[in-house]
Amino acid sequence: MTPSFTVPAPVAKVGRFLGRMSAAAGLFVLNLLCRIVRGIGMVLYGIGRWIVMRIYRLCRWFVMKAVGLVVFTYRASIFLFRGLLGLDRVDQETVARARLKLIILAFSLVFVAIGGRLAILALTSDPNGGRGGGTDAVASARPDIVDRNGDVVAIDVRSPSLFAEPKRLIDPDETLEGLLKVLPDLDVNEVRARLNSGKGFAWLKREITPAQQRAIYRLGFPGIGFVRENRRIYPDGPTFSHAIGNVNVDNQGIAGLEKYIDNRGLADLHLAGLATDRQQEPVQLAMDSRVQHAVRDELLKAREKFKAIAAMGLVVNVRTGEIVSMVSLPDFDPNMSNDPRDNAHLNRLTTGVFEMGSTFKSLSFAMALDSGKINLSSTFDARGALSFGRFAIHDFHAENRVLTVPEIFLVSSNVGTAKMVLSLGVEAHKAFLKKMGQMDRLRTELPESAEPIVPRRWGEVNSATIAFGHGIAVAPLQAVMAVNSMVNGGYLIPPTFMKRSEAEAMQVATRVLKPETSDKMRYLLRLNVEKGSGKKADIPGYSVGAKTGTAEKVVNGRYSKNKLLTSFTAVFPMDKPEFLVLVMLDEPQATSETYGYATSGWNAAPTAGKIVERIAPMLNVAPRQNAPMAEQILRDMQQKVAERR
């Protein structure tokens, strides 16, 4: 029997009410969700429709513009074509004007394109021409450099350089390990950083050998390649190093004549892309390879024999100012990477300044004889020291007697030379040295040059010491320029490394001495070789004239008796001078052959004599059996004076 249960009426009412409320709420929520979905759909539809309309309108605008541009171009072309051909039946002047405008427009576009390219190159190139490892520069082409006979002394050759494309490398570490087997001198840390840089290009090593290129190629690494670049080669090695200079890894001149060539416009041509190896004429020098080798060889022997710390030599054409040879030892090999701060890179002949010693006395004698107040028969008292307070000037080999001008020159009397200069006055002395180019920096094609060191306060004591080569320091090439004027007829000619004729030299020459002064100086120089300190340079048949010079070097503010700079200036042939030879030895030592002397007459003089003997035939100066002596030169001079009168 199933029990029956009856729900109370109030409870039943409440239940029915709650049921109705739940149904209404559910219906409301469902209706709300429908409205939200419908609203979102309408918004998305509106956005999509707007986007589609915008795209449609934009495309229509572009199409219309393109069609308009095509139509305009077509009509403009027809108009220009008809105008150029005169099909519009306009007058000839209008047609010519239209054609001219068209040509101007075309040239303007070309120049704008070139200017833009130059601007890009100027902004992206390395202004310092450095060895930057990440630079994308490729070594530029340079003109050949040849000597006066056409022999090549500097030339470009094509050599491979190694680069990487880091973003194409599969395993940078494996690549580095393989490269080190072929190129063990690579900087490991630097190369690893470049290989892992992820860049599109990076230099690894410039100027490798063909054998190294083949070995790396056989390794088969992807992302490793080669570029053939111009590499500068100097066939003579260190022989021309100080004159020619050298280039950096991008084949840009950084010293010597190589830098001079860049400064003369080659660098600008490279930027414009107008300087290729086929477009450049060789640069011809006044220097002679044969003479250069002979001078360097003799200087090497002298430096070894006399244990000198440095040796220098110059050969100059006195009529043109051409530098036929220039050697400064120690030197360097420009084919190799060198530290420019190394002592071997110092060109002592142009960037070094020295107290030239008695070689400088030649200027004092030229000044005295050119003044007209002193002649070859004038005398000066050299019987004792010349005193200035506590300071006294002495002679190395005192004669202690009254000396004539030629005797002062022969015995190289400091006292006689000082008194001769002081008799003309301090201001006259300063003016003469200024006129002879000894007070200002000497400028040549070489960018490297030095400023002379002159006294700040110039009194009598300064003129007295400068008269015999102490108290003023000049570049040796500067002193040679002045000596040239004493033997070439009195013309001061700026020296040059480029070929120059006598006519061209006269266009830049300045007369600084009277012709008769030059004749007297030739006589004194020849007399000094016959009877004075230059005897060891008397090469038979060549009529050599010369002057010795021995200067004490300044050490810790004092002149050292044991540290000497010896120099010797030789000119040949003295009846009609053509060439001057300068030899300098820095701190030469005495030997048994020199009887304990380290002065110029015992070391620089015989070295210069050997050089003259070797190079004279190369310079077409033939020996003569009856070469003129000093007395013959004096007689010829007196005859010329009589003829003028």
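Along the sequence shown, residues are numbered consecutively beginning with 1.
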Using a 4.5 Å cut-off on heavy atoms from C-beta on, say whether the side chain of [Y] contacts that of [X].
X: Met436; Y: Val512; answer: yes
X: Val474; Y: Ile472; answer: yes
X: Gln589; Y: Phe306; answer: no
X: Glu578; Y: Val621; answer: yes
X: Ile615; Y: Val581; answer: yes
X: Leu422; Y: Ser463; answer: yes
X: Asp151; Y: Val146; answer: no
X: Thr444; Y: Phe497; answer: yes

Is the count of non-hydrogen atoms from other residues, nucleotides or ligands lying under 6.0 Å from [X] atom [atom1] greater than 12?
X: Lys419; atom1: NZ; result: yes
X: Asn562; atom1: CG; result: no
X: Glu593; atom1: CD; result: no
X: Lys531; atom1: NZ; result: no
X: Asn626; atom1: CG; result: no
X: Phe388; atom1: CZ; result: yes

Whether [Y] and [X] form a salt bridge (side-chain N of Lys/Arg under 4.0 Å from carboxylate O of Asp/Glu) is what I want to check.
X: Lys535; Y: Asp538; answer: no
X: Arg296; Y: Asp331; answer: yes
X: Arg401; Y: Asp381; answer: no
X: Glu322; Y: Arg148; answer: yes
X: Arg522; Y: Asp575; answer: no
X: Asp370; Y: Lys520; answer: no
X: Lys563; Y: Glu552; answer: no
X: Lys610; Y: Glu298; answer: no
X: Glu399; Y: Arg383; answer: no
X: Glu587; Y: Lys307; answer: no

Can the positive tip of Lys547 be found less than 6.0 Å from the middle of the six-membered ring of Phe568, inside 45° of the ring normal?
-> no

Any idea which heavy atoms bring [X] and [Y] closest together, and the distance?
X: Val318; Y: Phe579; answer: CG1-C, 4.0 Å
X: Ala418; Y: Ile393; answer: CB-CD1, 4.5 Å
X: Gly471; Y: Ile466; answer: C-CG1, 3.9 Å

Assess whether salt bridge (charged side-chain N to carboxylate O under 4.0 Å, His left out) is satisfied between Arg232 and Glu258, documenting all intermediate values.
-> CA-CA 10 Å; Arg232 201 62 160 173; Glu258 293 281 24; 2.9 Å; yes

Would you please test Arg142 and Asp262 for salt bridge (charged side-chain N to carboxylate O under 4.0 Å, His left out) and show each step?
-> CA-CA 9 Å; Arg142 303 182 64 81; Asp262 278 26; 2.7 Å; yes

Euclidean distance, [Y] [atom2] relative to [X] [atom1], rounded to 0.5 Å:
X: Ile633; Y: Met629; atom1: CD1; atom2: CE; answer: 9.0 Å
X: Met486; Y: Asn484; atom1: CE; atom2: CG; answer: 9.5 Å
X: Met420; Y: Thr379; atom1: CE; atom2: OG1; answer: 12.0 Å
X: Met481; Y: Gln438; atom1: CE; atom2: CD; answer: 5.5 Å
X: Leu386; Y: Asn414; atom1: CG; atom2: CG; answer: 10.0 Å
X: Met506; Y: Thr320; atom1: CE; atom2: OG1; answer: 9.0 Å

Is the backbone of [Y] close enough, under 3.5 Å, to the side chain of [X] for a donor and an acceptor to pair up by distance?
X: Arg303; Y: Lys305; answer: no
X: Arg511; Y: Gly489; answer: yes
X: Thr594; Y: Ala590; answer: no
X: Thr239; Y: His293; answer: no

Would the [X] and [Y] ring centres measure less than 6.0 Å apart?
X: His242; Y: Phe332; answer: yes
X: Phe240; Y: Tyr234; answer: no
X: Tyr595; Y: Trp602; answer: yes

